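Letters A, B, ... mirror the listed sequences (proteins, then strands); counts begin at 1. Source: prediction; values computed, not measured.
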2 protein chains.
Amino acid sequence: MVVHELSELEIDRIFQAMADATRRDIIKQAMLREQSVSELAKRYRMSFAAVQKHVAVLERASLITKEKRGREQLVHGNPAMLHRAAQLLDAYEDIWRQRANRIGELLSEPSQGMES
Amino acid sequence: MVVHELSELEIDRIFQAMADATRRDIIKQAMLREQSVSELAKRYRMSFAAVQKHVAVLERASLITKEKRGREQLVHGNPAMLHRAAQLLDAYEDIWRQRANRIGELLSEPSQGMES
DNA sequence: TTCATGTACAACCATTTGGTTGTAGGTTAC
DNA sequence: GTAACCTACAACCAAATGGTTGTACATGAA
């Protein structure tokens, strides 16, 4: 199942969203259990509005989703997006492994003057 | 082998460094083969100084290292750091899997009124 | 030596980011 | 109905980001 290739802009947003300790903690909390924005906000030493903005950044990156229930806005994590981000990093590692293999092959090839 | 736990600040830097398409391409290039900064700079439609700054951001995040040779500064990738970043994302996925397992266990437990 | 190349770094600028306070509107509880 | 709660959103601010140009210096090539 190909899920829709990520655009450079979407990748920018994912990494940028992960680049803040408060947001990483919000992700963790939302993965552990669905929580309202104000419930999340109580955990951090900053205003409700600030937490609201962090949640918006995570939502724009599709790392979390919001669901309205009554007066609350419930936040829950989107593990599929995290998985895709992890795969992205793996892809860079793969480039390295391929290079390492290439070098390995070159080293194990007999050099020009070595035929018996 | 525990390599030295990453601090929140280091994690910030890794993700922030990955959050730019030019920098992600520089990483890719450096993983493919060692290149000088000016050699890299030719690839992008921006000034040498701009590329120099991107390289500095990547270096601060330990995603690449520089090695001086003659008048050139050779850039090469640090796959170990990429690996750690990927593991970090996996950790968030693990939180989700644990929750999923927990829910699964709850669902498979017999409910209060079900004993025969 | 002289010139071209590769780098470092400062100064500057526009935009984005991460925080604040304040105001307003919808929903629940009493 | 009224008060308390949850959210949305605007306006503002300081600091960081991503780019530029310009200057200076070290190294390699002719």
Side-chain angles (χ1 to χ4, degrees), chain A residues 7-30 33-77 85, chain B residues 7-30 33-77 85:
Chain A
S7 71
E8 290 296 306
L9 195 87
E10 288 170 311
I11 299 174
D12 283 359
R13 286 177 178 161
I14 292 170
F15 285 121
Q16 205 252 330
M18 295 295 299
D20 179 282
T22 303
R23 286 197 292 265
R24 286 193 299 274
D25 196 71
I26 291 175
I27 289 181
K28 191 189 292 182
Q29 295 304 324
R33 65 180 188 82
E34 195 175 56
Q35 292 175 64
S36 72
V37 179
S38 56
E39 200 171 358
L40 282 169
K42 284 174 204 151
R43 301 188 143 266
Y44 313 103
R45 301 187 322 156
M46 66 184 75
S47 67
F48 172 79
V51 173
Q52 218 178 6
K53 280 195 189 178
H54 282 307
V55 168
V57 170
L58 290 169
E59 194 182 16
R60 211 174 56 136
S62 304
L63 287 166
I64 57 115
T65 54
K66 287 195 297 183
E67 184 196 352
K68 189 163 189 166
R69 198 173 60 192
R71 65 182 163 187
E72 295 183 335
Q73 197 76 264
L74 298 182
V75 176
H76 47 271
Chain B
S7 70
E8 290 297 307
L9 196 89
E10 288 170 311
I11 299 173
D12 284 359
R13 286 179 178 161
I14 292 171
F15 285 121
Q16 205 252 330
M18 296 295 299
D20 179 281
T22 303
R23 285 197 292 264
R24 287 194 298 274
D25 196 71
I26 291 176
I27 289 182
K28 192 190 290 181
Q29 296 303 325
R33 64 179 188 84
E34 194 175 57
Q35 293 174 64
S36 72
V37 178
S38 56
E39 200 170 358
L40 282 169
K42 284 175 203 147
R43 301 189 142 264
Y44 313 103
R45 302 186 323 155
M46 67 184 75
S47 67
F48 171 80
V51 174
Q52 218 177 8
K53 280 195 191 179
H54 282 307
V55 168
V57 169
L58 290 169
E59 195 182 16
R60 212 174 53 136
S62 304
L63 288 166
I64 57 115
T65 54
K66 286 196 296 184
E67 182 196 352
K68 190 163 189 166
R69 197 174 60 194
R71 64 181 164 189
E72 296 183 334
Q73 197 76 263
L74 298 181
V75 176
H76 47 271

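Between Phe48(A) atom CZ and dA24(C) atom P the separation is 18 Å, expressed in whole Å. Between the CD atom of Glu59(A) and the P atom of dC9(D) there is a distance of 11 Å, rounded to whole Å. What separates CZ of Phe15(B) from C1' of dA16(D) is a distance of 20 Å, to the nearest Å. Between Gln52(B) atom CD and dT23(D) atom P there is a gap of 17 Å when expressed in whole angstrom units. At whole-Å resolution of the value, NZ in Lys53(B) and P in dA14(C) are 15 Å apart. Put simply, OH on Tyr44(B) is 14 Å from P on dT20(D), counting in whole angstrom units. Computed from coordinates, the Glu34(A) CD to dC6(D) P distance equals 16 Å when rounded to whole Å.
Ranking dA8(C), dG6(C), dG19(D) by closeness to the Glu72(B) side chain, first place goes to dG6(C). When the nucleotides dT21(C), dA8(D), dT20(D) are ranked by their closest atom to the side chain of Ala50(B), dT20(D) comes out on top.
Within the 4.0 angstrom heavy-atom criterion, only backbone atoms of the sugar-phosphate kind lie near Gln16(B); the bases stay farther away. Using a 4.0 Å heavy-atom criterion, one finds that Arg69(B) contacts no nucleic acid atom at all. Across all strands shown, Thr22(A) has no heavy atoms under 4.0 Å from either base or sugar-phosphate atoms. Heavy atoms of Ser38(A) sit under 4.0 angstrom from primed sugar atoms or phosphate atoms, though from no base atom. Residue-level contact check: Lys68(B) touches neither bases nor backbone, having no heavy atom under 4.0 Å from any strand.
Between Gln73(B) and Val57(A), the residue whose closest nucleotide on DNA chain C is further toward the 5' end is Gln73(B). Both His54(A) and Lys42(B) lie near DNA chain C, and the one whose nearest nucleotide falls closer to the 5' end is Lys42(B).
A distance of 7.0 Å separates CD in Gln16(A) from CZ in Arg60(A), rounded to the nearest 0.5 Å. Annotation: the span from Leu63(A) atom CG to Ile26(A) atom CD1 amounts to 11.5 Å, rounded to 0.5 Å.
Contact check for Val75(A) versus Gln29(A): no side-chain heavy atoms found under the 4.5 Å cut-off. Considering only heavy atoms from C-beta on, Arg24(B) comes within 4.5 Å of Glu8(A) through its side chain.
Applying the 4.0 Å criterion to OP1 and OP2 of dT20(D), one finds that Ser47(B) has a side-chain N or O inside that range. Regarding contacts with the backbone of dA8(C), a side-chain N or O of Lys66(B) is found under 4.0 angstrom from either OP1 or OP2.
Looking at Arg71(B), its side chain comes within 3.5 Å of the base of dT5(C) through a donor and an acceptor atom.
The shortest non-hydrogen separation linking Arg23(B) to Ala17(B) is NE-O, 2.9 Å.
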